[in-house]
S.K.: 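Before we start, here is the structure in question, set down as structure tokens.
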Amino acid sequence: MGQTNLIRELQAIVGAEAVLSAEEELLVYECDAYTLEKNLPTAVVLPRTTEEVVAVVKLCNRLKLPIIPRGAGTSLSGAVLAVDGGVMIALTRMNRVLNVDARNRRALVEAGCVNAWITRDAAPHGLFFAPDPSSQSACTIGGNVATNSGGPHTLKNGVTTNHVLGYEMVLPDGTVEWLGTEPDGGEEVEGYDLRGAAIGCEGMFGVVTRVLVRLMKTPPAFKTFLGIFESVDDASQAVSDIIRAGIVPGALEMMDQLITQAVEEAYHFGFPLDAGAVLIVELDGLRDGVEAQGKQVEKICHQNNAREVRVAKDDTERAAIWKCRKRAFGAIGRLSPNYVTQDGVVPRSKLPEIMRFIRATSKKHGLRIPNVFHAGDGNIHPLILYDERKTGEVQRALAAGHDILEKCIALGGSVTGEHGIGAEKIDFMPKQFSADDLDAMKMLRRAFDPAQRCNPHKMFPGGKRCAEFAPRKQAHA
Amino acid sequence: MTLAPNSIEQLREQLPKAKAVEAMDLSAIGELIEHVPEDMTATVQAGMTLGDFQSQLALQNQWLPVDPPCPGALSIGAQLAGNATGPRRFGCGTIRDWLIGITVVLPDGRLIRNGGKVVKNVAGFDLCKLFVGSRGTLGIIVEATFKLLPKPEAEVFLKKECASLDDAEALLEQLWQSDLQPHVLDLHRLDGRPVNLVAGFSGARADVEAQTTVASALGLRTETNLDYDAAFRPTAHVTESVAPADTINFLHSITDCDFVARAGNGVVYARHQHPEKFKGGIGDDLVFDPPAVQTRIKNIFDPEGILPTL
């Protein structure tokens, strides 16, 4: 069947206005927030119902075309790159919050529902959805399920897999399965935990269409501290000491001097420009415990040579701190025309070591590397700054990222804590896992997608790579 | 047949040659590999009992937040295979939420790892989730890495006897709507005695004390413990799981049963008061029809059928 016939058949399923096939329309879909590799899908469809998704998937099945499920395209790893063309199924029109079930602390939403909308609709019931990636005002719950998204507040509450009870998935053969807890059902589900096994599958097992999320009670009290430290080492030690004291804060985030300066210049919060590191510690819970643990946190910060410990005086100030933190990547444009974000993880106790290594790497490659990261989880986000107009900088930036991720593996960590493998980190998989480890993952994939047509050429080495590999500026996280 | 390997290497040799494995004794593979208190993680071999593991962690004032009955007789491997839970699951979740890495011997003898030792990790597919609760049908977990929690500074359990299920429901609603954050929320009716509501609070001492005061105003004044769970569960005939809000309705439907119910989770363990009248099933027992994916997973991981079916 030719291209025209494919488009006609897709239009018959979802309607003409929900099929994009002209090159200028497809350009938006040539990549996600990982912009080093690009390729156009054959067509993009924007279905409105699960039934439409099923019909599109069955058509692709018949024509043996790749299927690429897509949410808002905020992935930082090329997870939704159409490496080999194919039909991209964008879930952005299936974006409703279908039901907030306050009594069961659950919400049923469509896959294209924006993460932040869930908490917006749950808040009047005193409830919230815990995973809060920095892109939460744009990214979709379907994408969160596909990548097992995290965020600053996952230290205490966990990541997406801990907060998704069940979901509807259209498998690559067009069958529809509800995996996990059903909207009116109990937590205990017979059989294998297919729900858990497919969260983080990076769109390679099927198309998620509806999601049942778990809501948590909004904590009655918050206390948000800014610890101003002379050095990253001191701040890292404070992180270890807080955890060692038996305190599990809601969030424990660090910004080094470079990023603090950029954030201050962009958002004028009042961060000191000469501090070596700023630690954001947020305690949440019941009032008395938060107060008691707050005193301990202040003490630990001072014991580690904190110059100053500030407390957010009200919700407005707390919101301002988080705005600065979540938009930190956006402030980088002031420092450099281009940057590449890394997403490594090390055991918490190795934080001082990896930060020293990053400083050495920065010197070695002659590139500035500011850091803003989830210190409590050991999840680092070095931002490697470069200028694509300068000869050799792109290669040096990639080499620096490479060095840092190899060090994360050597320290017993991982090459990704939340951004995923996608197209970007395929080459690291054989470094972090043995051939047999990878084969076991492929065995699971074969059970969901025997023909391997769902988001192909991702995660594992040996697949096709994009012809165009042009380093460019990355969008904000 | 039962396999009782004395090392992981021996298990790798035995398993591919075995036929119809019914049981696995991993007691010879039961070392604590490491516990890193500052990382709040620990790696342990599957043959160690949960009780021994918790004792080791307690030396550093940490614990793995699961509390199934009889931890002294439950190996880590069995805990993972069955996803065993206890009353604290309302506040702490299940072992699925705490497992971050596994080492597995596949039926063909290959040793594979999934996940890792760090608390946040999305490299590769999540086989940890697949293996938890798979009852040893896909491979044998020989080693597991967990994230841990500090032991709570304080923990208290309070109960109130209720005149009826309706009274219990009213109290439950009050608790649900309050600012209290119980980590245990149970109802039980034992030996035909009245229904009791049990709420547990743990965490910072100041929090526990403040919550105790609030709970007391709701009538939860008698201090208790959770011993009823381990005593009752092994005798229960049936487990039923409903949406949490449907728990009381379900309990109304089993008037002639004793029960322990996780009211916050909607999980009910019930025992018929006249077992001789028990016909094998209460509530809406549906025959489970496994999705095709599940059958394919089993066939791909264990094509020779060496391990039991689910």
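So that the names make sense, note that chain A is the first sequence line, chain B the second, and so on, each numbered from 1. The structure presented is a predicted model; accordingly, all values stated were derived computationally and were not measured.
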S.K.: Give me the one residue out of A/N148, A/D377, A/L155 that meets side chain to side chain contact (heavy atoms under 4.5 Å, CB included) with B/K120.
M.R.: A/D377
S.K.: Hey, which of B/L138, B/N83, B/V104 has the most heavy atom pairs under 4.5 Å with chain A?
M.R.: B/L138
S.K.: Which answer fits A/L444, side chain, backbone, both or neither, if we ask what part of it has an atom under 4.5 Å from a heavy atom of chain B?
M.R.: both
S.K.: Could you look at A/M441 and say if it's the side chain, the backbone, both or neither that has a heavy atom under 4.5 Å from chain B?
M.R.: both
S.K.: Do other residues, nucleotides or ligands put more than 12 heavy atoms under 6.0 Å from the CZ atom of A/R287?
M.R.: no
S.K.: Could you have a look at A/P450, A/G196, A/G412 and say which one has the most heavy-atom pairs with chain B under 4.5 angstrom?
M.R.: A/G196
S.K.: To check you understand the geometry: which heavy-atom pair defines the closest contact between B/A206 and A/A292, and what is its length?
M.R.: CB-CB, 4.3 Å
S.K.: Let's test your reading of the structure: which of A/G246, A/S414, A/A102 forms the most heavy-atom pairs below 4.5 Å with chain B?
M.R.: A/S414
S.K.: Counting only non-hydrogen atoms closer than 4.5 Å, does A/F428 touch chain B with its backbone (N, CA, C, O), its side chain (CB onward), both, or neither?
M.R.: neither
S.K.: More than 12 heavy atoms of other residues, nucleotides or ligands under 6.0 Å from NZ of B/K117: is that the case?
M.R.: no
S.K.: Is B/R89 salt-bridged to A/E187, cutoff N-O under 4.0 Å?
M.R.: yes
S.K.: Given heavy-atom pairs under 4.5 angstrom as the criterion, report whether the side chain, backbone, both or neither of A/M459 touches chain B.
M.R.: side chain
S.K.: Does a salt bridge link A/D436 with B/R113, judged by any charged N lying under 4.0 Å from a carboxylate O?
M.R.: no
S.K.: A/E291: which residues meet the side chain to side chain donor-acceptor pair (under 3.5 Å) condition with it, sequence neighbours left out?
M.R.: A/K223
S.K.: Using a 4.5 angstrom heavy-atom cutoff, name the option from A/T147, A/N162, A/D241, A/T154 with the most pairs to chain B.
M.R.: A/N162
S.K.: Just so I understand: if I count every heavy-atom pair under 4.5 Å between each of A/A440, A/S149, A/G413 and chain B, which residue has the most?
M.R.: A/A440
S.K.: What residue, out of A/E177, A/K217, A/E418, has the most heavy-atom pairs lying under 4.5 Å from chain B?
M.R.: A/K217
S.K.: Please rank A/G285, A/G126, A/A447, A/P183 by heavy-atom pairs under 4.5 Å with chain B and give me the top one.
M.R.: A/A447
S.K.: At a 4.5 Å cut-off on heavy atoms, which part of B/V293 comes close to chain A: side chain, backbone, both, or neither?
M.R.: both
S.K.: Is it the backbone or the side chain of A/V239 that comes under 4.5 Å from a heavy atom of chain B, or both, or neither?
M.R.: neither
S.K.: Step through it carefully: locate the ring centre of B/F125, locate the ring centre of A/F448, and say whether they are under 6.0 Å apart.
M.R.: no
S.K.: Using non-hydrogen atoms only, which part of A/A435 is less than 4.5 Å away from chain B: side chain, backbone, both, or neither?
M.R.: neither
S.K.: Name each donor-acceptor pair under 3.5 Å that joins a side chain in residues 139-152 of chain B to protein atoms two or more places apart or in another chain, with its distance.
M.R.:
residue : atom : partner : partner atom : Å
B/T145  : OG1  : B/T43   : OG1          : 2.8

S.K.: Given that the side chain runs from C-beta out, which part of B/I297 has a heavy atom under 4.5 Å from chain A: side chain, backbone, both or neither?
M.R.: both
S.K.: Flag the one option from B/E173, B/E209, B/R262 with the top tally of heavy-atom pairs under 4.5 Å to chain A.
M.R.: B/E173
S.K.: Checking B/E153 against chain A: side chain, backbone, both or neither under 4.5 Å from a heavy atom?
M.R.: neither
S.K.: Could you tell me whether the side chains of B/Q60 and A/R244 share a donor-acceptor contact shorter than 3.5 Å?
M.R.: yes
